[in-house]
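Protein chains get the first letters and strands the later ones, always in sequence-line order, with residue 1 at the start of each.
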Amino acid sequence: MVSDKPVRVRFAPSPTGSLHIGGARTALFNWLFARHFGGKFILRIDDTDESRSSDESTRSIYELLEWLGLTWDEGPIAGGDCGSYIQSERQNLYQEYVHMLLDSGDAYCCYCTADELKQMRENAFAEGRQPHYAGICRHLTEQDRSRLNAAGRKPTVRLKISDSAIIVRDLVQGDVTFEADALDDFIIVKSNGYPLYNFTSAIDDHEMGISHVIRGKDHLSNTPKQILICHALGFELPVFAHLPLVLGSSKGEKLSKRRHGDLVAVGKYREDGYLPEAMINFLVRLGWSYDDKSEIFSLDELVEKFNVERIGRSEGVFDINKLQWLNKTYIMNLDLTERTNAVLPFLRKSGLLETDVTKDCQARLEKIVESVGDRMTTLADIADYGYFFTDNFDYDPRAIKKWWKGGPAAILQGLREVLKSIEVFEMENIETAMWYYLDEKKIKRIRGMQPLRIALTGVSGGPGLFDIIALLGREKVVERLDRAINYIQTAN
RNA sequence: GUCCCCGUCGUCUAGCCUGGCCAAGGACACCAGCCUUUCACGCUGGCGACACGGGUUCAAAUCCCGUCGGGGACGCCA
């Protein structure tokens with residue numbers, strides 16, 4: 001079902017908010033499709049509803065698509081041969097087509113008011129009918145129209161549709177039939193002269209040579225309308241593929257900004273320390289699978305392996321657990337330098353790092369990141385290891401309760417002396433000296449280690465203690481031990 | 001309400017088209033154990049699903065019908 005035309009697909013968000021999970025997934029599937037077939041991925045801004053669009057949203061969409069690595073071949077910024085890629089800048093083109101339809105008689109002016117229409121719709125609902133426009137203005141005479149125009153009535157423009165069923169041939173959904181009585185003469189131009197989405201979309205898809213329309217299934221019922229427009233204008237149809245929707249919870253609701261707030265915003269995940277690669281991997285597995293075992297895919301692999309045939313038809317639920325697991329996996333797979341660099345902005349954001357990173361500092365940073373190892377789920381988790389950067393930390397009450405209960409001041413005191421007297425303050429020496437001391441004193445290792453850990457970090461978990469001690473340096477270690485011993489003695 | 005679509009472990013899914021290889025496989029999550037100075041990683045094991053009811057068939061998760069459940073759409077929004 002892949003046509004012989006060159007593959008050209010588009011992502012056409014309306015800039016009414018920042019990029020959300022569902023939109024990002026649609027963009028990704030389009031992008032992968034284009035890359036897989038060596039075609040073009042086009043970005044178009046569908047901002048025909050000027051009142052709901054904002055520049056801020058538009059910028060955020062650009063920014064986040066770039067962050068995800070979904071760069072576009074044609075569109076705003078990138079340019080291209082198909083004119084402006086922002087619909088609000090294409091009004092003249094739409095007007096031409098409106099006139100064409102009006103002249104050919106395939107469209108007509110409708111003088112029914114919004115209120116009248118609303119009333120008809122409510123009546124239809126009340127009577128259990130599909131609310132359809134009855135075609136009242138379809139048979140207006142030239143005189144009727146002049147009279148109404150003279151009276152200052154501003155008409156909408158409706159497409160005059162035929163009474164045959166429309167079959168949407170869809171790569172994912174199969175053939176979906178819309179019976180003729182499910183369709184009506186719908187409005188293509190508002191009474192203020194601005195064209196509506198279904199109209200501009202059909203025109204731009206044609207004008208931009210779009211071969212495949214891949215979008216969310218919430219657009220499936222728009223498709224017969226767009227097909228009707230194509231028919232009226234003599235356009236060749238693109239191939240359609242409607243993706244199952246992403247639901248917000250097991251209760252099942254389309255993921256939406258209104259209902260799920262920040263949970264849907266891709267930008268939030270960037271801020272929270274998710275890697276774009278993890279996000280991509282997460283998104284692609286929501287509705288698409290390669291086989292019965294593969295979970296991790298690089299972008300290159302996806303380009304090679306992606307196919308529409310393996311997109312499922314049932315809707316998926318956004319599961320943060322899976323995203324977190326993927327993110328952790330991707331962080332783990334970063335090499336030390338990459339991981340350190342990735343973590344840097346988050347250190348700054350949490351105020352743990354203020355100065356510029358000098359060479360020495362970079363080396364120490366890498367050691368810290370190395371010791372933290374695979375403990376981060378998100379990059380922002382680096383803030384949990386703030387004790388490497390600041391003395392200003394509290395003792396975790398639960399940790400204290402468990403490990404400082406017996407008042408291990410004596411043990412800490414002993415350890416303090418051991419640590420203070422180590423000649424070369426390096427990991428191996430520290431380890432040897434401490435084990436020797438603890439074993440000699442017949443103190444269970446864990447009875448010494450955990451209280452010490454809490455004294456140095458405030459918490460009961462984290463990187464290897466010897467790493468921490470070496471990284472902190474003798475001076476800090478002794479200081480923190482004094483503070484802890486003092487705390488314990490005061491508390492008792 | 002009307003139209004359209006969907007329904008396999010809590011979640012993402014493999015299997016469905018081309019019935020038997022499925023006493024249904026993988027992954028996330030969860031639980032337990034091992035490893036270990038802690039946490040995390042890793043390893044091992046556990047829990048856990050064909051929505052329901054009919055039919056067709058020697059045989060159904062797979063085909064057909066119905067029911068129920070869920071979602072989407074029904075706009076001078078996109």
State which of B:rU37, B:rC39, B:rC76 makes the closest approach to the side chain of A:R375. B:rC39
Nearest-neighbour nucleotide for the A:A114 side chain, B:rA78, B:rC74, B:rC76 considered: B:rC76
Among the candidates B:rC76, B:rC4, B:rG71, find the nucleotide nearest to the side-chain atoms of A:L220. B:rC4
Answer with base, sugar-phosphate or nothing: what part of the nucleic acid does A:K293 contact at a heavy-atom distance below 4.0 Å? sugar-phosphate
If you only use heavy atoms from C-beta on, which nucleotide in B:rC28, B:rG26, B:rA73 is closest to the side chain of A:D218? B:rA73
Which value, in whole Å, describes the distance between the C1' atoms of nucleotides B:rA51 and B:rC68? 8 Å
Complementary nucleotide of B:rG42, counting Watson-Crick and G-U pairs under 3.5 Å: B:rC34
Separation of atom CZ in A:R25 from atom P in B:rC12, rounded to whole Å: 11 Å
Give a yes/no on whether any side-chain N or O of A:T48 is located under 4.0 angstrom from OP1 or OP2 of B:rA78. yes
Identify which nucleotide among B:rC28, B:rU38, B:rG25 has an atom closest to any side-chain atom of A:D292, counting heavy atoms from C-beta outward. B:rG25
Tell which nucleotide pairs with B:rU57, taking only Watson-Crick or G-U wobble pairs whose two distances are both under 3.5 angstrom. none
What distance, rounded to whole Å, do you find between the two P atoms, one in B:rU11 and one in B:rC5? 24 Å
Test the A:R310-A:Y290 pair against the cation-pi criterion, namely NZ or CZ under 6.0 angstrom from the six-membered ring centroid and within 45° of the ring axis. no
Just the rounded figure in Å: distance from P of B:rA78 to OH of A:Y94. 11 Å
Within the structure shown, what part of the strands sits under 4.0 Å from A:F186 by heavy-atom distance: base, sugar-phosphate, or nothing? nothing
Just call it for A:P463: base, sugar-phosphate, or nothing, with non-hydrogen atoms closer than 4.0 Å on any strand. base
Please determine, for the side chain of A:R52, which listed nucleotide (B:rA78, B:rC76, B:rG26) has the closest atom? B:rA78
d(CG, A:L243; P, B:rG72) in whole Å: 16 Å
B:rA78 base to A:D47 side chain: any donor-acceptor pair below 3.5 Å? no
Could one point to a donor on the side chain of A:E127 or the base of B:rG1 with an acceptor on the other under 3.5 Å away? no
When the nearest nucleotide of RNA chain B is assigned to A:W325 and to A:D49 on a heavy-atom basis, which residue is associated with the more 5' position? A:W325
Reckon A:G373 touches a base, only the sugar-phosphate, or nothing at all at heavy-atom distances under 4.0 Å? nothing
So what does A:T113 hit on the nucleic acid, given a heavy-atom distance under 4.0 Å: a base, only sugar-phosphate, or nothing? base
Quick check on B:rC12: is either OP1 or OP2 less than 4.0 Å from any side-chain nitrogen or oxygen of A:R310? no
With a 3.5 angstrom cut-off on both distances, give the Watson-Crick or G-U wobble partner of B:rG48, or none if there isn't one. none
Under 4.0 Å between a side-chain N or O of A:S289 and OP1 or OP2 of B:rA14? yes
Kindly point out which of B:rC28, B:rA78, B:rC12 is positioned nearest to the side chain of A:S14? B:rA78
Rounded to whole angstroms, how far apart are CG on A:L245 and C1' on B:rC12? 16 Å
Distance in angstrom units between A:E179 CD and B:rC74 P, rounded: 19 Å
Report the base-pairing partner of B:rU2 (Watson-Crick or G-U wobble, both distances below 3.5 angstrom), or none. B:rA73
Complementary nucleotide for B:rA27 - Watson-Crick or wobble, under 3.5 Å: B:rU11
B:rC12 C1' sits how many Å from A:I280 CD1, rounded? 17 Å
Evaluate the criterion side-chain hydrogen bond (donor to acceptor under 3.5 Å, both in side chains) for residue pair A:Y94 and A:D204; output intermediate values, then yes/no. CA-CA 9 Å; A:Y94 306 138; A:D204 284 342; 2.5 Å; yes
Nearest-angstrom distance from the residue atom CZ of A:R313 to C1' of B:rC6: 9 Å
What nucleic acid atoms does A:D46 come within less than 4.0 Å of, heavy atoms only: base, sugar-phosphate, or nothing? sugar-phosphate
List the steps, then state whether side chain to side chain contact (heavy atoms under 4.5 Å, CB included) holds for A:Y97 with A:F199. CA-CA 9 Å; A:Y97 278 108; A:F199 185 62; 3.9 Å; yes
Are A:R169 and A:D175 close enough for a salt bridge, meaning some N to O gap below 4.0 Å? yes
Between A:H219 and A:Y197, what is the ring plane arrangement, given parallel below 30°, perpendicular above 60°, and tilted in between? tilted
Does the side chain of A:R121 get closer than 4.0 angstrom to OP1 or OP2 of B:rC76 through an N or O atom? yes
In whole angstroms, the gap separating P of B:rC41 from CG of A:N327 amounts to 14 Å
Base, sugar-phosphate, or nothing: which does A:L286 touch, judged by heavy atoms less than 4.0 Å apart? sugar-phosphate
Determine the interplanar angle of the A:H242 and A:F240 rings, folded into 0 to 90°, and report it as parallel if under 30°, tilted if 30 to 60°, perpendicular if over 60°. parallel
Which nucleotide in B:rU37, B:rC41, B:rC4 has an atom nearest any side-chain atom of A:W435: B:rU37
Do the two ring centres, one from A:F318 and one from A:F282, sit under 6.0 Å apart? yes
Once hydrogens and angles are ignored, does a donor-acceptor distance under 3.5 Å link the base of B:rC76 to the side chain of A:S191? yes
Which of the following nucleotides, B:rC6, B:rU11, B:rU37, is nearest to the side chain of A:E315? B:rC6
To the side chain of A:S221, which of B:rA73, B:rA27, B:rA78 is closest? B:rA73
Return the pairing partner of B:rU18 with a 3.5 Å limit on both distances, Watson-Crick or G-U wobble; otherwise return none. none
Between A:N429 and A:T432, does the side-chain hydrogen bond (donor to acceptor under 3.5 Å, both in side chains) criterion hold? Intermediate values first, please. CA-CA 5 Å; A:N429 298 342; A:T432 313; 5.4 Å; no
Determine, using ring centers only, whether A:F29 and A:F306 are less than 6.0 Å apart. yes
